[in-house]
Amino acid sequence: MAAMPMKRESNWKRQIKRNKWLYVLVLPGFLYFVIFKYLPMWGIVIAFQDYQPFLGIRDSQWVGMENFTNFFSNPDFFRLLRNTLVLALYDLIFFFPAPIIIALLLNEIRVAFFKRTIQTLVYVPHFVSMVIIASITYVFLTPQGGVLYDLISWITGKPIDVLASPGSFRPLIIVQMMWKEMGWGTIIFLAALAGVDTEQYEASIVDGAGRLRRMWHITLPAIRTTIVILLILRLGNFLDTGFEQIYLMTNSLNRDVADVFDTYVYTVGITQGAFSYSTAVGLFKSVVGIILVLGSNKLAKKFGHPGIY
Amino acid sequence: MNSRLYNSPAGKVFDIFNYVMLGILGILTVLPFLYIIGNSFATEAEITERSFFLIPKVFSFSAYEYIFSSSTIFRSIGVSIFVTVAGTLVNLFFTLTMAYPLSRSDFWGRNVMMNMVIFSMLFGGGMIPTYLVIRGLGLLDSYWALMLPGAISAFNLIVVKNFFQQMPPGLEEAARIDGCSDLGVLWRIVLPLSKPVIATFALFYAVGHWNNFFSALLYISDSDKWPLQVMLRQIVLLSQASVGDMANMDPNFVQPPEQSIKMAVIVVGTIPILLVYPFLQKHFAKGVMLGSIKG
């Protein structure tokens, strides 16, 4: 019995000696994960402290759940929750189906050149930064001569400052999102559609099925698994509204509907220096997030997918 | 495919509808870019005079002259180029050196490290603890803060590792018999055979660096070190009192920018993407598929 651990130790020592260059190679990456991924995880403990930068984590006072109870009793909490959930719902209802519809339409195109051209075009915004998207939005909608601003004013007969009105914030976010990502989102569906057996179409025509019927009964079921998996993945990231986009589109007039968990953590933590409190907010979001991810992964397995992790 | 499938009258109506819808979609995607590019070459007078145009009557380069003569914008373009090039090299170094050992089945500790990588995809310290680590390391206001915290994308690492694993083991064995060390195998056999994969990830990493706004916002407060994306926000989004916080406005920026300057900065911020896009396009469909069967 005593010989076993000895033997094992010499075994791993020998292993390391033999592959020493592999360990040299892996070192930078390993240190990267330790320093930039795992050290911050340890830093989460400040959520349970009244963290004072000059005292450090070791000497700062422990306050238990105080930061959390403060957050949950703060009226901001419900505002953030509402804004985050409403945006996530809008995303599911409007953004999620868009790539599926476009993929179905693209799949019916038989002129290869046209199909390729459209694909090439609609992928482009995916690679453009959120700052550029926000800038383009601004240039088009600014009351100082923005083309869309003028157009909207002309149609409705009254000037409407879309950028500054709280009511249009959410639609604007979703429209931006659609413009940027819905073309890109078609890739995965088109790949799934490429595998559909064409004989099914031949058979359906014998049965007298029209175009829409074929789309409904053959094409759509063919990508059903992909749709379900992506939907589940999206549920796993339900609370992720995207910091950059929201942050860039927020201004003093729409802040009330714009603030979400991520932007709140930034404002309270970085710009106001409330490190412990905002870490607690971030941790709350992460924990709910990981529950959603693991839960939806379980759901994925239930649907017969080998699981996402 | 059988043409009978499509030639019914109802099918024709559907086709017309379909081509028109997708055509509109394609136009809606490019139109904003064309409009911005066209207007960036227009004179201020023409922009105020005409409501909508893609090609200006009078071509003017004054907006671009202003951009490249204004030290603030010029410097931020330089920062972006530097961070993109250096940052991508950092990404590749960290990703490739870690992926290779992890791809080797005889590498002791590989499972522990893989689990460590995968767990980091599920859970993270979050914005504030990460910020405190960066601050603790003294990296605030340093270009390292734009390159090191994202040195490895766990997802890319796993894809590269899987690619290395799929290489025929006979190649490595042959090299080893010829007296190659582990480093030699990586440098002479594995990397040259992985050129397309490396190029793909280099492009993806580079696009990420060029587009990066968040890290700069968090870690760089010295306006001399701002990359273009941050400068772009200052110029386009914060120049108006009605939108954005005036408090965040850079006090060094004296000249109030005009419409065509805004357009020109947007163009400069987008051009590198449009230049690499043709190279990217060859690869990304494959990349997405690789990603969907990760493990």
Side-chain angles (χ1 to χ4, degrees), chain A residues 12 15-16 19 21-22 25-26 28-29 32-33 36-37 39-41 43-44 105-106 108 118 121-122 124-125 127-132 134-136 138-139 145 147 150 163-164 183 187-188 191 198 201-202 205 210-211 243-244 248 251-252 265-266 269-270 275 278-279 282-283 286 290 293, chain B residues 1-2 4-5 10-11 14 18 21-22 25-26 29-30 32 36 48 51-52 94 97-98 100-101 104 107-108 116-117 120 122-123 125-133 149 151-152 181-183 207 211 213-214 218 229 232-233 236-237 242-244 262 266 269-270 273 277 285 288-289 292:
Chain A
W12 71 257
Q15 282 263 13
I16 289 182
N19 285 331
W21 286 112
L22 293 183
L25 279 177
V26 92
Y32 165 77
F33 277 96
F36 292 104
K37 298 288 169 188
L39 214 54
M41 287 186 207
I44 287 175
L105 293 181
L106 273 170
E108 296 291 320
I118 297 295
L121 294 182
V122 295
V124 174
F127 293 98
V128 172
S129 79
M130 209 58 239
V131 181
I132 300 270
S135 297
I136 293 177
Y138 173 81
V139 164
V147 177
D150 291 345
L163 291 168
I187 288 189
I188 198 149
T198 51
Y201 291 103
E202 308 262 347
I205 193 80
R211 289 288 283 279
F243 171 87
E244 283 192 11
L248 289 164
N251 53 55
S252 46
V265 170
Y266 174 80
I270 304 290
F275 292 133
S278 56
T279 301
L283 180 58
S286 297
I290 202 167
V293 169
Chain B
M1 216 190 266
N2 194 332
R4 262 196 318 142
L5 283 168
F14 176 82
N18 197 5
M21 286 301 286
L22 289 173
L25 185 75
T29 315
V30 281
I36 301 269
T48 33
S51 54
F52 182 85
F94 276 78
T97 53
M98 194 179 190
Y100 180 64
R104 292 267 301 259
F107 181 69
W108 183 86
M116 182 177 158
V117 170
S120 80
L122 284 172
F123 188 75
M127 193 189 295
I128 305 299
T130 309
Y131 173 83
L132 292 176
V133 167
I152 299 179
S181 67
D182 282 324
L183 288 180
V207 170
N211 285 343
F213 167 74
F214 182 57
L218 268 177
Q229 302 296 334
L232 198 59
R233 167 172 177 257
V236 183
L237 298 174
S242 64
V243 172
K262 290 181 181 178
I266 296 176
T270 320
I273 304 296
Y277 182 71
V288 168
M289 286 340 278
S292 65

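Order of the sequence lines fixes the chain letters, A, B, ..., with proteins taken first and strands second; residue numbering starts at 1 for each chain. Note that the coordinates shown come from a computational prediction; the quantities given were computed from them, not determined experimentally.
Within the 4.5 Å cutoff, no side-chain heavy atoms of A:Leu25 are placed close to those of B:Asp182. Between A:Glu108 and B:Phe14 the shortest side-chain heavy-atom distance falls below 4.5 Å. Residues B:Ile128 and A:Ile270 meet the side-chain proximity criterion, which asks for heavy atoms closer than 4.5 Å. In this structure the side chain of B:Lys262 reaches within 4.5 angstrom of the side chain of A:Tyr138, judged on heavy atoms. In this structure, the side chains of B:Val30 and A:Val124 stay at 4.5 Å or more apart for every pair of heavy atoms. Between A:Phe243 and B:Leu218 there is no side-chain heavy-atom pair separated by less than 4.5 Å.
B:Gln229 and A:Ser129 get closest at one heavy-atom pair: OE1-OG, 2.7 Å. Across all their heavy atoms, A:Ser135 and B:Leu232 have their closest contact at OG-CG, 4.0 Å. Counting all heavy atoms, side chain and backbone alike, B:Phe123 lies closest to A:Ser286 at CE1-CB, 3.8 Å. Annotation for A:Val131 and B:Arg233: closest pair CG1-N, 3.9 Å, computed over non-hydrogen atoms. The two residues A:Ala134 and B:Leu237 have their closest heavy-atom pair at O-CD2, 3.7 Å. A:Phe33 approaches B:Ser120 most closely through the heavy-atom pair CE2-OG, 3.4 Å.
For a residue to count as touching a neighbouring chain, one of its non-hydrogen atoms must lie under 4.5 Å from one of that chain's; by this rule B:Ile266 touches chain A with backbone and side chain alike. Using a 4.5 Å cut-off between heavy atoms, B:Ser51 contacts chain A through its backbone alone, with no side-chain atom that close. B:Tyr277 touches chain A through its side chain: at least one heavy atom from C-beta onward sits under 4.5 Å away, while N, CA, C and O do not. Contact annotation for B:Tyr100: only side-chain heavy atoms (C-beta onward) come within less than 4.5 Å of a heavy atom of chain A. Only the side chain of B:Ile36 comes within less than 4.5 Å of a heavy atom of chain A; its backbone N, CA, C and O stay farther away. In this structure, chain A has heavy atoms under 4.5 Å from both the backbone and the side chain of B:Met116. For B:Tyr131, the part lying under 4.5 angstrom from a heavy atom of chain A is the side chain only.
Listed for the B:Asn211 side chain is a donor-acceptor partner under 3.5 Å among the backbone atoms of A:Phe127. A donor-acceptor pair under 3.5 Å links the side-chain atoms of A:Tyr32 to the main chain of B:Ile152, judged by distance alone.
The CG atom of A:Asn19 lies 12.0 Å from the CH2 atom of B:Trp108; values are rounded to the nearest 0.5 Å. Atoms CG and CG, on A:Leu105 and B:Leu25 in that order, are 9.0 Å from each other to the nearest 0.5 Å. B:Leu22 contributes atom CG, which lies 11.0 Å from atom CG of A:Leu121 (distance to the nearest 0.5 angstrom).
Ranked by non-hydrogen atom pairs under 4.5 Å with chain B, the options A:Ile118, A:Ile290, A:Ile132 are led by A:Ile132. Chain A forms the most heavy-atom pairs under 4.5 Å with one residue out of B:Phe107, B:Phe52, B:Phe94, and that residue is B:Phe107. When each of A:Gly43, A:Gly269, A:Pro28, A:Pro125 is scored by its heavy-atom pairs under 4.5 Å with chain B, the top score falls to A:Pro28. Chain B forms more heavy-atom pairs under 4.5 Å with one residue of A:Leu22, A:Leu283, A:Val265 than with any other, namely A:Leu22. In terms of non-hydrogen atom pairs under 4.5 Å with chain A, the most contact-rich of B:Thr270, B:Leu183, B:Thr48, B:Val207 is B:Leu183. With chain B as partner, the option from A:Leu106, A:Asp150, A:Val26, A:Ile136 having the largest number of non-hydrogen pairs under 4.5 angstrom is A:Val26. When the candidates B:Ala151, B:Gly126, B:Gly125, B:Gly26 are compared by the number of heavy-atom contacts under 4.5 Å with chain A, B:Gly125 comes out ahead.
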